[in-house]
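To start, the structure under review is shown below, and the notes come after it.
Residue indices begin at 1 and follow the sequence shown.
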Amino acid sequence: MPVPWEKYFRLALQEKLSMKIQGRNVDHVPPPLLRLLEKRQELVDADQGLQAQKEVFQTMKASLKQRWEQLEQKEQELKGSFVRFEKFLQDAEARRSRALRRAAEERQLAGRREAEALQLRAQLEELQRERARLQRRLWRLEPCARLLGQVLEQLPEFQEVPELVARFDSLADTQAALRLTEHQRLAELEEARARLQRLRDAWQDELLRQGQRRAQLLEQLEAARERTLHWESKCIQIQNTAAEKTLLLGRTRMAALNLFQLVCQHQRRPPALDIEDTEGHLEQVKLFILDLSAMLAGLHQAKPSVPAS
């Protein structure tokens, strides 16, 4: 698309002003503004290059049009020559074929030129869009550049804007690292609290189980004490019964020994048994009693019966 002359002169004036600014104040202009001016200069150069290419394209297009007209004229002449020189049909046909081939080649060349022109036009539109985007970005960043310049004036420890931006980036990274560390510490604290709560719950459950176990053991201890008292009383009772039985046994053995000794005295013979042989003593006393009973029974039988009055 053609560029208006007013826009072209305005771009040229901006270029001259940018060159003057770069020549005079290159030491005082901030680097971001210098980069923006360089981008603007690149856009101006690109516009000039595209304009020159467009002019060349127009020239080539006019030349191709003229050539095409010449080719059409030659084609007409060839047709007339074909009518006039029928006897040279083969040669004319060959020349015509060559001319058509050249025409086809020139048409292909014209097509390629047209494609290149379309490509250049698309590139021009893309560069114009890029220029507009960079212009909008320049307008947006211009207040930031002024603000950074004011900040540099208030902070003498920074000499250039990149130093200030680097300092800001380092502080932002430090803040992000501190926030990450804080989140990690909070997560660890929450995990420790959860673990402590689990331990407390487990301790409460264990304390409850131990209390239940203690109650069961106390019940078992009380039952064992009751059983102990019961068996102690049983043992004392058995011991008393055993003592009584032992005393009765001793008295019985003494009585049996006395009876055995009385039997021996009555029979006028010395005791032939051991003093501890209680069964033998009782057996001798039993035999003596049996003999005495038989004797008494014999006396009762031998005694005359008294007649009844």
(request) State, yes or no, whether a side-chain contact exists between Leu171 and Gln175 at a heavy-atom distance under 4.5 Å. (result) no
(request) Would you indicate whether the side-chain heavy atoms of Arg251 and Met254 approach each other to under 4.5 Å? (result) no
(message) Taking side chain to side chain contact (heavy atoms under 4.5 Å, CB included) as the definition, give me every residue that meets it alongside Lys286, ordered by chain and number, with sequence neighbours left out.
(response) Glu283, Leu290
(request) Calculate, to the nearest 0.5 Å, the distance between atoms CZ and CG belonging to Arg214 and Leu217 respectively. (result) 9.5 Å
(request) Apply the test side-chain contact (heavy atoms from CB on, under 4.5 Å) to residues Glu222 and Leu218: give CA-CA distance (whole Å), side-chain angles for both, the deciding distance (0.1 Å), then the verdict. (result) CA-CA 6 Å; Glu222 188 65 25; Leu218 288 175; over 6 Å; no
(message) For Gln70, give me all partners under side chain to side chain contact (heavy atoms under 4.5 Å, CB included), at least two apart in sequence or on another chain.
(response) Gln66, Arg67
(request) If you link ILVMFWY side chains whenever their heavy atoms are less than 4.5 Å apart, which other residues fall into the same cluster as Met60? By chain and number, please. (result) Val56
(message) Take a 6.0 Å sphere around CD of Glu106 and say whether it holds more than 12 heavy atoms from other residues, nucleotides or ligands.
(response) yes
(request) Please test Gln184 against Leu180 for side-chain contact (heavy atoms from CB on, under 4.5 Å), starting from the C-alpha separation and ending with a verdict. (result) CA-CA 6 Å; Gln184 292 177 354; Leu180 180 60; 3.8 Å; yes
(request) Please round to the nearest 0.5 Å and tell me the distance separating atom OG1 of Thr181 and atom CG of Leu186. (result) 10.5 Å
(request) Verify whether one side chain among Gln197 and Asp201 offers a donor that lies under 3.5 Å from an acceptor in the other. (result) yes
(request) Side-chain contact test, heavy atoms from C-beta onward, threshold under 4.5 Å: evaluate it for Arg195 versus Glu191 and give yes or no. (result) yes
(request) Can you measure from CG (Leu127) to CG (Leu120) and round to the nearest 0.5 angstrom? (result) 10.0 Å
(request) Hey, could you give me the OG/CZ distance between Ser97 and Arg102, rounded to the nearest 0.5 Å? (result) 10.5 Å
(request) Starting at CG of Asn240, measure out to CG of Leu247 and round the result to the nearest 0.5 Å. (result) 12.0 Å
(message) Under 4.5 Å between side-chain heavy atoms, counting indirect links through other Ile/Leu/Val/Met/Phe/Trp/Tyr residues: same cluster for Phe288 and Leu296 or not?
(response) yes
(request) Mind checking side chain to side chain contact (heavy atoms under 4.5 Å, CB included) for Arg133 and listing every partner two or more places apart, or none if nothing turns up? (result) Glu130, Arg136
(request) Say whether Gln210 and Glu206, considering side chains only, have a donor N or O and an acceptor N or O under 3.5 Å apart. (result) yes
(message) The criterion is side chain to side chain contact (heavy atoms under 4.5 Å, CB included); which residues satisfy it with Glu114, sequence neighbours excluded?
(response) Phe57, Leu118
(message) Working to the nearest 0.5 angstrom, can you tell me the gap between Thr228 OG1 and Lys234 NZ?
(response) 15.0 Å
(message) If hydrophobic clusters are built by linking Ile, Leu, Val, Met, Phe, Trp and Tyr wherever their side-chain heavy atoms come under 4.5 Å apart, do Leu287 and Ile289 end up in the same one?
(response) no
(request) Name all pairs fulfilling the ring pair (Phe, Tyr, Trp, His ring centres under 6.0 Å) condition that reach into residues 208-264, sequence neighbours left out, sorted by first residue then second. (result) Phe260-His281
(message) Could you walk me through whether Gln212 and Leu208 satisfy the side-chain contact (heavy atoms from CB on, under 4.5 Å) test, starting with their C-alpha distance in whole Å, then the side-chain angles of each, then the deciding distance to 0.1 Å, before giving a yes or no?
(response) CA-CA 6 Å; Gln212 295 175 355; Leu208 181 61; 3.8 Å; yes
(request) Using a strict 4.0 Å threshold on nitrogen-to-oxygen distance, state whether Glu190 and Arg193 make a salt bridge. (result) yes
(request) Would you mind checking if Glu182 and Arg179 are paired as a salt bridge, meaning a charged N to carboxylate O distance below 4.0 Å? (result) no
